[in-house]
Amino acid sequence: MAEGGDVEWELSKENIQPLRRGRAISALQEALSQQQDGVISAINQQRQAFESELRMYDGDDPLDVWDRYIKWTEQTFPQGGKESNLNTLLERVVTKFTEEKKYHNDPRYVELWIKFAESCPEPLDLFRYMQAQGIGLTQASFYIAWSEEHENQGNSRKADLVYQEGFKKCAQPHDKLQQFHKALQARVSRQVMMNVEEDDSDDEPKQPERVSLADLKHRGKKKAIAPVNRTGPAIRNISRGLQSHGAPVLRNASNSQLVIFDENKSQNAGPSEPKLESWMAPPTSRAKENEQGPERWCDVKMPQKSKFGHTVMPPPPPKPTFQPFVEESDQPPTMTPCKINPAVNTVLSSRKPRKEETPLKRLQEHHQQQKEAESGKPQEQSMYCKELLLSGATEFCFEELRAERYFKKMAQESQEVKSHPASASASN
Amino acid sequence: MSLFGTTTGFGTGGTGVFGNAATDSHNPMKDVEVTSPPDDSISCLAFSPPTMPGNFLIGGSWANDVRCWEVQDNGQTVPKAQQMHTGPVLDACWSDDGSKVFTASCDKTAKMWDLNSNQAMQIAQHDGPIKAIHWIKAPNYSCIMTGSWDKTLKFWDTRSPNPMMSLQMPERCYCADVVYPMAVVATAERGLIVYQLENQPSEFRRIDSPLKHQHRCVAIFKDKQNKPTGFALGSIEGRVAIHYINPPNPAKDNFTFKCHRSNGTNTTTPQDIYAVNAISFHPVHGTLATVGSDGRFSFWDKDARTKLKTSEQLDQPITACCFQPQRQHLCICFQLRLVEGPRVLQPPEKELHLLEERCRGAEASEQEMIRRAKSHLLWGNAEDLLH
């Protein structure tokens with residue numbers, strides 16, 4: 001249905017990040033068409049207006065400005081992405097108001113936290129942090145988001161526990177919490193029923209299947225190995241063992257039949273204990289294999305591999321008559337033929353490995369720094385309005401700040417002139 | 001107040017240029033206040049180029065005006081003319097023949113002010129306030145370069161309403177400097193771009209910032225053959241970086257140093273860090289002056305990597321400085337302005353001071369300079385000098 005107005009949306013459907021609340025279609029159209037035409041100045045101006053509002057605001061509710069700014073950013077940059085600075089903004093706003101007790105249960109603030117958590121690699125950690133800090137404890141949306149995350153990770157037991165916690169804390173709005181909880185229960189029971197059905201339909205339970213977690217090893221002298229892929233019933237069989245425990249567990253909350261690795265076994269009481277001390281040490285990232293920091297390449301040697309890259313069963317092959325392929329000949333980057341002027345050595349300069357930085361970790365560091373700043377003595381003190389310059393997604397310079405004040409003053413004066421034309425005096 | 005002609009005040013004595021003459025505490029160095037300063041703080045200053053007879057000074061201010069003074073030989077200033085914008089003036093510069101002044105303002109326009117006829121004409125338009133304006137004189141073209149907060153760098157032939165060229169920058173322009181054939185622009189988010197201006201302006205290189213904080217000011221310096229070879233970059237946290245464009249040994253040749261900080265080695269009280277508001281290079285000797293929000297100005301020798309002198313602390317932050325490119329006597333002007341600080345809220349005081357400073361190299365012999373530099377090295381704070 002590619003009518004004139006719908007074209008952009010149809011063409012870039014898959015690039016649009018879904019929002020919980022949905023998107024205003026008009027804003028979406030405008031945002032997409034603007035991006036195609038490359039008309040970015042209007043966006044820039046609007047963003048600048050928000051940034052200055054952030055700094056000039058002197059009312060009671062600074063969160064409101066942040067909230068509007070973030071909502072505008074979401075609508076204007078449907079794809080999310082770096083340009084929108086959305087993650088930076090979210091991180092700033094949650095960090096900024098962590099200490100403000102009055103916002104802890106403000107639904108807007110909790111929404112922002114939830115959005116932030118969703119953009120983090122480890123949302124569960126963030127939800128636990130929120131609980132420890134007392135943020136969102138009486139908001140239904142908090143518990144709903146948290147349990148959804150558990151559900152996404154396949155842990156329906158914990159998802160249910162979270163709802164229990166929410167009921168205990170009388171989270172508002174109560175009906176919403178109940179409604180979502182019922183939906184969760186329905187989903188889980190449906191899944192159990194499906195599994196049970198599959199169980200029944202499978203007449204030959206276990207005979208030809210191998211339930212083995214190890215790779216098949218070949219025997220004999222054949223050196224070629226075909227990849228082994230378990231498909232179909234074999235997989236279901238393995239995973240079914242886990243899921244079939246799900247149903248009885250749900251009914252009996254304290255069931256601990258799950259032998260499979262469950263890190264939270266000791267916390268059977270549920271996530272209701274605010275463990276403040278556990279958050280002094282940042283949670284270790286689980287995705288260790290993907291987070292290798294940048295390292296020098298020059299000196300790294302690849303481990304020596306044999307010809308075919310497999311460990312070969314006996315008899316060991318005779319010593320190869322040629323040199324096995326070994327990456328000894330690591331040449332330093334400057335020797336590879338490149339057209340870069342050797343004087344320009346900003347290319348390929350080695351960087352020190354940075355510590356892993358997750359948003360949660362930064363939050364905790366910030367928290368600690370704040371505590372330190374209050375108690376201890378800071379080493380250096382910047383003699384300028386750092387908060388004003390650096391709050392917001394992008395920085396301001398002194399002149400920009402001053403220019404904003406000037407424009408505000410001009411706007412006020414012109415307002416006054418409009419309302420009191422008779423008494424307009426030449427003031428500058 | 002007689003500045004000139006007193007031989008005791010200036011000389012090659014070891015105690016320093018600023019003698020301890022009995023002036024009032026408000027005016028610890030022998031300087032001259034410029035008459036009829038603008039009503040609000042001054043954002044930029046520029047001296048007329050040496051090709052022009054006479055000495056003129058222009059200053060743009062936050063009161064939307066640009067004023068021109070004639071600086072006479074005795075240091076007195078005479079206000080000559082003024083032009084207005086519809087927004088605060090952020091930058092100003094002279095054309096190379098000294099007949100025109102270009103001013104850039106928050107009202108998103110830049111104007112050309114013909115001093116002979118005292119007429120001002122708009123020559124440029126941006127989508128955001130224009131922060132930097134420079135005149136470029138190349139063998140085959142001449143134009144105005146304007147850098148703005150709308151993230152563009154535009155080049156204007158003053159006769160046409162459309163820019164000759166418009167270059168996109170990654171972020172808003174915070175400061176710029178031009179010494180043909182090189183131009184440097186420092187942007188927000190610690191961006192740094194070098195442009196080459198031969199034939200036509202084009203981006204030459206983007207450099208990773210040597211500083212960790214927001215860029216505030218930049219000034220290009222030249223080598224002994226009078227070719228631009230690098231720049232000095234100042235940040236809002238008391239540090240200046242000296243960066244060469246094509247050094248033989250970058251790790252050694254490029255360096256940063258701390259400046260405009262209080263309580264050097266006193267570790268019990270925290271060190272106060274001030275912004276470096278402007279950097280200016282001496283046209284002949286290659287020493288640089290930095291002025292900061294702490295109310296001091298300092299002279300440095302970047303080749304010897306030493307601090308030559310720091311002034312007394314003046315009452316208020318200093319926002320700009322400019323070497324006068326003429327005569328044996330070198331004047332530096334300062335403007336005093338209130339900077340937005342977290343604690344100071346006073347009515348703004350704006351004064352222009354002309355200071356007389358005889359730069360070391362001109363008077364002293366080579367050895368004298370080295371001796372003096374070494375003595376500074378000894379008693380100065382080690383951490384103030386090298387990074």
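Just so it is clear, the structure is predicted and the values come from calculations on it, not from any experiment. First the proteins, then the strands, lettered A, B, ... as listed; each starts at 1.
- Scanning both residues, B/Gly87 and A/Tyr406, for their nearest heavy atoms gives CA-OH, 3.8 Å.
- At a 4.5 Å heavy-atom cutoff, the contact between A/Phe407 and chain B is made by side-chain atoms alone.
- Residue B/Thr152: no heavy atom, backbone or side chain, is found under 4.5 Å from chain A.
- In B/Lys227, the NZ atom is not crowded: 12 or fewer heavy atoms of neighbouring residues, nucleotides or ligands sit closer than 6.0 Å.
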When you look at A/Glu400 and B/Arg172, which way does the side-chain contact (heavy atoms from CB on, under 4.5 Å) test go after all the steps? CA-CA 10 Å; A/Glu400 282 177 299; B/Arg172 299 153 280 170; 2.7 Å; yes
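- No hydrogens or angles considered: nothing links the side chains of A/Glu399 and B/Tyr174 as a donor-acceptor pair under 3.5 Å.
- Rounded to the nearest 0.5 Å, atoms NE2 (B/His215) and SG (A/Cys397) are 12.5 Å apart.
- Smallest separation of non-hydrogen atoms from B/Ala275 and A/Phe398: CB-CE1, 3.9 Å.
- Without hydrogens or angle criteria, A/Glu395 side chain to B/Glu189 main chain gives a donor-acceptor distance under 3.5 Å.
- Residue B/Ile236 touches chain A through both its backbone and its side chain, counting heavy-atom pairs closer than 4.5 Å.
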